[in-house]
Amino acid sequence: MPPTMQVDDPTTHGLDAARLARIDAFVKARYLDTGKLPHAQLLLARDGRIVHFSHQGAAREDGTAVDESTLFRIASMTKPITSLAFMMLLEEGLVALDTPVHHVLPELKGVGVYAGGGNGEPFVTTPTAQPMRMVDLLRHTAGLTYGFQERTPVDAAYRAERIESWHGNLTLDQFVATLGMLPLEFSPGEAWTYSVATDVLGAVVERLSGMTLDRFFAERIFAPLGMRDTFFQVPEDKVHRLADCWTMKEGEGRVLYDRGEASAWSRFPRLLSGGGGLVSSALDYHRFNTLMLNGGALDGVRLVSPKTVQLMTINHLPGGRDLASLSRGLFNETTNAGVGFGLGFAITMDVARTMIPGSAGEFYWGGMFSTAFFVDPVERLSMVFMTQFSPSMLYPIRRELKTLIYSALTR
């Protein structure tokens, strides 16, 4: 293990070692032995101290084992990092949550709400009831969408324009300009739809800071926090550490999606995706978790104030509603009852309604390749779970892990 990493005795931090061990046994029996997942890595910490760090399965087809050095595509776990970058600029007085987005990205001025057309016909739109604001980007109430949702003519237009392609298509500026020519699915603030909003937020960070998103992340976040293994492009000397990535294909089962040794993530992307483009390690993301748990500071470095972290980690959905009632498309399932959305991640509001153990104020999210994290400020508990398999919603492993993790607490 790296000399800077230490795994503490969990019993000294109020966790039962035997119950932690049964989490690994559960994952092996339920997901690895059955072939549902190719590998799994779990890091648990309390008060920022690592108390459990397990690795199971092969990172690559050649049998290379998963270990503490393995790199993973974290997809939408990029979103909280982009949100933090924006809040750093907010603290500098460069922007506010209620700033209209078109004040920074004029390409989005006058964008309308879908009222008809599409599928080869010109779109018909109506004016928005209110401007799209920065808070709408952070909480996914902007009226934007993802093409993979495949619900509406707007989704279809995203697919036709290859909006979400990171290689060989649009730059980030071109991406914003293209969005300005497409309608919104609803007026900002009216509903919640998981979307490219955080990619747009990445463009905001670039315009406000005068730095490309990769440079801002590297210089303002990763270097100060000692996150040496987080990047948009895996360096050549680290490609051997990148795990293979798998997906479920109808009629074929689990198939290889992106081979680690020849990965698309080894090439610099044309579009820097603040919504899903990063590769990271469990140890690096643990440092991000600990920064947030500590109210914006880690090892003598402060990136934001405790009040800013408090603002980020409360529910910002209109009317205090939850995802189950406000979401259109993904995440309107009953399992998201009692779950709100803050400035970059989901927020547990009502533990009873979620029907799994947790704490009010816990914040979390995951990525399309089944990675996940959570931070519980009440229990001072945090988790990073890594694997490489999509779609992430095929299996309930994230909810199962939470139940097992909280069952290991002794105080």
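- In this pair, H55 and F53 present their aromatic rings perpendicular. The plane angle is above 60°, beyond the 30 to 60° band.
- Side-chain polar atoms of T70 and Q41 form no donor-acceptor pair below 3.5 angstrom.
- Between Y406 and F374, the distance from one ring center to the other falls under 6.0 angstrom.
- D299 approaches R287 most closely through the heavy-atom pair OD2-NH2, 2.7 Å.
- Side-chain atoms of S209 and R215, non-hydrogen and from C-beta on, never get closer than 4.5 Å to each other.
- Screening F288, F363, Y364, W365 for a ring pair (Phe, Tyr, Trp, His ring centres under 6.0 Å) with F345, the sole residue that qualifies is F363.
- In this structure, L138 CG and S83 OG are separated by 5.0 Å, a value rounded to the nearest 0.5 Å.
- Among all heavy-atom pairs drawn from E161 and L182, the shortest one is CG-CD1, 4.5 Å.
- A salt bridge does not link R133 to D98: none of the charged nitrogens lies less than 4.0 Å from a carboxylate oxygen.
- Of all heavy-atom pairs spanning L137 and A197, the tightest one is O-CB, 3.4 Å.
- With F232 as the partner, the ring pair (Phe, Tyr, Trp, His ring centres under 6.0 Å) test is satisfied by one option alone out of F268, W265, F217: F217.
- Counting non-hydrogen atoms of neighbouring residues, nucleotides and ligands closer than 6.0 angstrom, the CD atom of E236 reaches no more than 12 such neighbours.
- Residues V375 and P377 share a closest heavy-atom pair of O-CD, 3.4 Å.
- Side chains of S266 and S263: a donor-acceptor N/O pair is absent below 3.5 angstrom, by distance only.
- Donor-acceptor pairing under 3.5 Å is lacking for the side chains of D244 and H39.
- Closest heavy-atom contact between T141 and R139: OG1-NE, 2.6 Å.
- Taking CE of M355 as the start and OG1 of T403 as the end, the distance is 11.0 Å to the nearest 0.5 Å.
- S370 OG to W246 CH2: the interatomic distance, rounded to the nearest 0.5 Å, is 14.0 Å.
- A 4.5 Å side-chain heavy-atom check between R73 and D258 finds at least one atom pair inside the cut-off.
- Here the CG-OG1 distance, from L32 to T387, works out to 7.5 Å after rounding to the nearest 0.5 Å.
- At least one cation-pi condition fails for K238 and F231: the charged atom is not both under 6.0 angstrom from the six-membered ring centre and inside a 45 degree cone around its axis.
- F175 and W166 have their aromatic ring centers separated by at least 6.0 angstrom.
- Taking the six-membered ring where the residue is Trp, F389 and Y395 present parallel rings, their angle staying beneath 30° rather than reaching 60°.
- With rounding to the nearest 0.5 angstrom, the CD1 atom of I74 is 4.5 Å from the CD1 atom of I81.
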- Tell me, with the steps shown, if V200 and L144 meet side chain to side chain contact (heavy atoms under 4.5 Å, CB included). CA-CA 10 Å; V200 177; L144 301 166; 3.9 Å; yes

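- Ring centers of Y285 and F72: at least 6.0 Å apart, outside the cut-off.
- Counting only heavy atoms from C-beta outward, the side chains of M248 and P391 approach each other to under 4.5 Å.
- Within the 4.5 Å cutoff, no side-chain heavy atoms of L323 are placed close to those of Y194.
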- Message: Checking H102 against M132 for the side chain to side chain contact (heavy atoms under 4.5 Å, CB included) test, could you report, in this order, the C-alpha distance in whole Å, the side-chain angles of both residues, the deciding distance, and whether it holds?
- Response: CA-CA 8 Å; H102 71 263; M132 181 192 302; over 6 Å; no

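- Considering every non-hydrogen atom in both A372 and R398, the closest pair reads CB-NE, 3.7 Å.
- With a 4.5 Å cut-off on side-chain heavy atoms, M292 and N289 do not count as touching.
- Donor-acceptor pairing under 3.5 Å is lacking for the side chains of T410 and D16.
- Between S325 and D322 there is a side-chain heavy-atom pair separated by less than 4.5 Å.
- Of the charged side-chain nitrogens involved, at least one lies within less than 4.0 Å of a carboxylate oxygen, so that R207 and D173 count as a salt-bridged pair.
- Atom CG of L401 and atom CG of L42 lie 6.0 Å apart (nearest 0.5 Å).
- In summary, E91 and R220 do not engage in a salt bridge, as defined by a charged side-chain N under 4.0 Å from a carboxylate O.
- Using a 4.5 Å cut-off on side-chain heavy atoms (C-beta onward), F216 and L89 make contact.
- Looking only at side-chain heavy atoms (C-beta outward), F123 and M181 stay at 4.5 Å or farther from each other.
- Salt bridge status for R46 with D8: absent, with no side-chain N to carboxylate O gap under 4.0 Å.
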